[in-house]
Amino acid sequence: MPSVLSLLKNHFRRLFTVDTRSLALLRVGLGVLLVCDIYLRAQFSSDHYTDLGLLPRGALLSHFLNKYSISLHFINGAEWFPLALFFLAFLASLSLIIGYKTRVSSILLWIFVISLQNRNPLILQGGDVLFRILLFWAMFLPLGATFSVDAALLRENPRPRKICSAATFGIMMQIGILYLFASLLKTGAVWENGEAVKQALLIDQFTKPLGYVVLKFPLLLNFISYFTIFSEFAAFFLLFSPVYSVFMRCFALVCLTLLHMGIFLTMEIGLFPWIDCISLVIFIPRNFWIAIKRALKPKNTVQIFYDGACNFCEKGIYLLREFLLFPRIRIRPAQLVKDVESLMLAKNSWIILDSKKNYFFGYLGLVKVIECSPYSFLRRILYQRYFLRWGEKFYVWVATRRRLFSLFSRSLKAEKHPFFSLRSSTQVFLYCIVGMVVYWNIAKLPSFPWITPVPKSMQALFYTLRLDQKWGMFAPFPSVNDGWYVMPGKLRDATVVDVFKEMNKSRGMFGGVKGISIDTLSELTWEKPDLVSSTYLSQRWRKYLMNIVQKEHKEHRLYYGRYLCRLWNSSVDSSKELVEFKIYFMLEKTVEGKVGKPLKTMIWRHECFAK
C-alpha cells in the first residue's frame, strides 16, 4: 500500500508537470511579445530613456530611484544608447523564438527587461510586472527542449516530453497567485453590486469605441463584473484542482482567455492581455498535445538522404525535421547507399524517397516533405508556377554553394543541456522564492493587518530581482477620476496654442518630431475630445500622463515641462518659441455610475526661459 508521502509526491507531480510543447509555446509567445514590446518602446526611446527625455538620469538617481534598482541604461543617457540595447534585445528575442542558445537568451532578456523597467518606472503597468516575473522563471525552465534549434542540433530522440521541477511549480503558482490576489484586492462595493465594469469603461482615457457600445447594455455589464471576479478568484482553485484536473484546468483557461480578450477589445492597456494569455499556456494539459499530434499525424512518410560530407546539409535536414514536426522521420547520408549516392551526385541534390519508392529532388523534394508534414495545407501554394520556378532556382543557388555555407554552419552548435535539470540547491532556492511570493502578496492585503510587514532583507532581494508585485488593477475599485489634458501655451509672438495637441500632431514615424506646423495651429478648445483614449501617443505615454496628475508623482511635472519646452523650441524659429504654458487636467468624477461635470484643474505652470 503506498504511503501518504508517495501519494502526495504523485499528486504534486500530476499537478505541476508541464509538457515541453507547452514550454515551447511559452518560449515563442514570450519572444514574439518581446519583439512587439521593443518595437513599441523604441518609437519613443528618446522620450522615455535618455537624458533629453522625460526623466534624465540625474533626476532619476537623485530623487526617484529605488536603492536596489540596477539598470544597463544607467551607463549612458545619449539617444543612441537605448537604441543599441533595443537592437541587442531584439537579437536575443529572435534567438529565443527559434530556440537557439535558449537559456542564455532568456537570461539576457531578463537582464534587459529589468534594466528597461528600472530606467523609467512611471510608464510601467501590470503587464510589465508579469513580463519580468515570467522571464525570471523562464531562466530555470528548459524552454528549448522541443521545437527549437537547440533540440534539432542535439538530435536526441526520443527526448523527454514532460518536466516537473521547482521551476514549473514556481511559475504555475505565480500565475495562480496573480489571479487569486487580484480578486482578493477587489474589495470595493462596485464589485459586489456588479457596477465595476461600467465604472471601468467610464474611464475615457482607457476606453475603445467597442467599450462605449458595451456601456449601452447594463445587464451585460453586471454579468461581466461578476464573471471577472469569479474567474479571477476561482482560477487558483480550478488550475490546481485535485479532481477532474484536466477538465477544471481547461475550464479555467477558457474563462481567463475570454476575460483577457474582452479587456483587449474594449480597453487600451497595451500588451497586458496578451502577456496574461501567453502565461496561461504553461497550463495546457498534456492530453491536448496528444490530441493535436493524432490529428496532425501525417498519412505518408518519407526518407531523406543528404550529402554526408556537407555539414550545412546535415544540420539543415535536422532543423527541417524539428520544425516540420517530423520526430521519427528517417534521415541518412546518401553515401551509405551507392545507388542513392549516384543519384545525389548526378542531380546535385538531396534525395527524397516516399512510401511508393518514388524519388524527388531539389525544390520538389522540399514540397514533398512539407506535403507529408502537418503543414500539408501549404502544398497548393507551393505547387504554383511562380513558386516552382523560383523555388528551384533558389535551391540550385544554395546547393552549388553548400560547401561555403558549411563554413558558417560549423559554428552553429547546440546548447549543451537543453533538457537540463536543476541542482538541488537551485530547487531549494526556488521553493523559498515561492514561499516569499505568497508572503509578499498576503502582506499587501488590507484585510490582513496582523501580518508582519515584509522584512527589509526580503524587500532587498525582491526589488533587486524585480519580483516585487501587487496585482491591484481596478482594485479595490476602478478609479472614479478621469479627464483629459489641455495645455494652453504662449509663444514669443503672443500666439496662444494648445501645446499638448500640437506636440502630438508633430510626432512622425517612430515617434520622431517631424516639425511643428505653425501655419496650421489648432484653435485652443476646452471641449472634451470625441475619443479621449486616442489623444495619447502610446500606451506608455498614457500611463505617464495618468500618473503625473496624481499628487504622489507631482515632482515629475517639472521634468515634463522642461521636456516640452526643449522639444518645441528645438523645432521652430525663434519668433515661434514657446515661452510659457500651463497644464490643465479637465477632471471628471464618477459618482454612483454618473459622470460629473468637468472640473478645470491646473496642475502645473512652466516658464521655458528664466527671467
Side-chain angles (χ1 to χ4, degrees), residues 44 47-48 53-56 59-60 63-64 117 120-129 188 199-208 211 267-270 272 470 472-489 497-504 507 524-568 578 580-591 594-608:
F44 301 98
D47 299 338
H48 297 149
L54 300 168
L55 189 57
L60 174 65
H63 299 299
F64 307 112
Q117 294 187 11
N120 195 341
L122 212 62
I123 63 174
L124 303 182
Q125 39 109 321
D128 297 303
V129 178
Q199 189 164 303
L201 289 176
L202 287 174
I203 305 174
D204 296 307
Q205 295 176 94
F206 282 131
T207 308
K208 291 181 177 180
M267 305 190 78
E268 292 278 6
I269 55 172
F272 195 179
K470 185 177 181 181
M473 186 175 181
F474 299 138
F477 49 81
S479 175
V480 296
N481 293 331
D482 188 29
W484 67 95
Y485 278 97
V486 179
M487 302 182 189
V497 299
D498 187 339
V499 179
F500 182 69
K501 186 182 293 185
E502 296 303 327
M503 287 302 300
N504 285 355
R507 305 309 287 266
L524 178 67
T525 176
W526 301 90
E527 295 298 319
K528 186 176 182 178
D530 294 333
L531 187 62
V532 176
S533 61
S534 66
T535 62
Y536 298 101
L537 291 169
S538 70
Q539 168 60 19
R540 301 296 168 189
W541 268 109
R542 176 182 293 104
K543 191 64 180 178
Y544 177 82
L545 289 166
M546 290 179 73
N547 275 331
I548 65 169
V549 79
Q550 300 171 18
K551 289 183 179 179
E552 58 264 37
H553 299 303
K554 63 182 180 181
E555 292 84 359
H556 287 269
R557 298 168 191 171
L558 169 64
Y559 301 100
Y560 180 51
R562 290 175 178 174
Y563 160 83
L564 288 177
C565 289
R566 182 167 55 248
L567 204 60
W568 181 289
L578 182 62
E580 63 178 11
F581 65 92
K582 298 175 183 177
I583 301 178
Y584 286 92
F585 188 70
M586 303 298 291
L587 178 64
E588 288 183 333
K589 280 187 173 290
T590 301
V591 180
K594 296 182 179 179
V595 180
K597 293 182 178 180
L599 179 63
K600 187 176 177 182
T601 308
M602 188 179 78
I603 65 171
W604 189 250
R605 179 178 179 177
H606 197 90
E607 295 181 355
C608 296

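Position 1 is the first residue of the sequence; numbering continues from there.
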Check whether any side-chain N or O of [X] sits under 3.5 Å from a backbone N or O of [Y] as a donor-acceptor pair, and report yes or no.
X      : Y      : result
Asp204 : Asp482 : no
Asn547 : Leu122 : yes
Asp128 : Gln125 : yes
Arg542 : Ser534 : no
Arg540 : Ile123 : yes
Gln199 : Pro478 : yes
Ser533 : Lys208 : no
Asp498 : Pro488 : no

So which atom in [X] and which in [Y] form the shortest heavy-atom distance, rounded to 0.1 Å?
X      : Y      : value
Phe581 : Gly561 : CZ-CA, 3.6 Å
Tyr559 : Pro56  : CD2-CD, 4.1 Å
Gly211 : Leu201 : O-CD1, 3.8 Å

Nearest-0.5 Å distance, [atom1] of residue [X] to [atom2] of residue [Y]:
X      : Y      : atom1 : atom2 : answer
Phe64  : Asn120 : CZ    : CG    : 10.0 Å
Tyr584 : Met602 : OH    : CE    : 5.5 Å
Met267 : Thr207 : CE    : OG1   : 5.0 Å
Leu60  : Leu54  : CG    : CG    : 12.0 Å
Ile603 : Lys582 : CD1   : NZ    : 13.5 Å
Glu588 : Gln205 : CD    : CD    : 9.5 Å

Next on the checklist: Could you go through Thr525 and Lys501, starting from their C-alpha distance and side-chain angles, then the distance that decides it, and tell me whether this counts as side chain to side chain contact (heavy atoms under 4.5 Å, CB included)?
Outcome noted: CA-CA 10 Å; Thr525 176; Lys501 186 182 293 185; 3.5 Å; yes
Does [X] have any ring pair (Phe, Tyr, Trp, His ring centres under 6.0 Å) partners at least two apart in sequence or in another chain, and if so, which?
X      : result
Tyr560 : Tyr544
Tyr485 : Phe500, Phe585
Phe272 : none

Is there side-chain contact between [X] and [Y], with heavy atoms separated by less than 4.5 Å?
X      : Y      : result
Thr590 : Ser479 : no
Leu587 : Asn481 : yes
His606 : Leu564 : no

Checklist entry - Going through the checks in order, is the side chain to side chain contact (heavy atoms under 4.5 Å, CB included) test met by Trp604 and Leu558? => result CA-CA 8 Å; Trp604 189 250; Leu558 169 64; 3.8 Å; yes
Crowding at [atom1], [X] (>12 non-hydrogen neighbours, <6.0 Å):
X      : atom1 : result
Lys470 : NZ    : no
Glu552 : CD    : yes
Lys528 : NZ    : yes

Item to check | Lys600 vs Met586, side chain to side chain contact (heavy atoms under 4.5 Å, CB included): CA-CA, chis, key distance, verdict | outcome: CA-CA 5 Å; Lys600 187 176 177 182; Met586 303 298 291; 4.0 Å; yes
Item to check | Ring geometry between Phe44 and Trp541 (parallel below 30°, tilted from 30 to 60°, perpendicular above 60°) | outcome: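 Correct class here is perpendicular.
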Checklist entry - Passes side chain to side chain contact (heavy atoms under 4.5 Å, CB included), Leu124 versus Lys543? Steps please. => result CA-CA 7 Å; Leu124 303 182; Lys543 191 64 180 178; over 6 Å; no
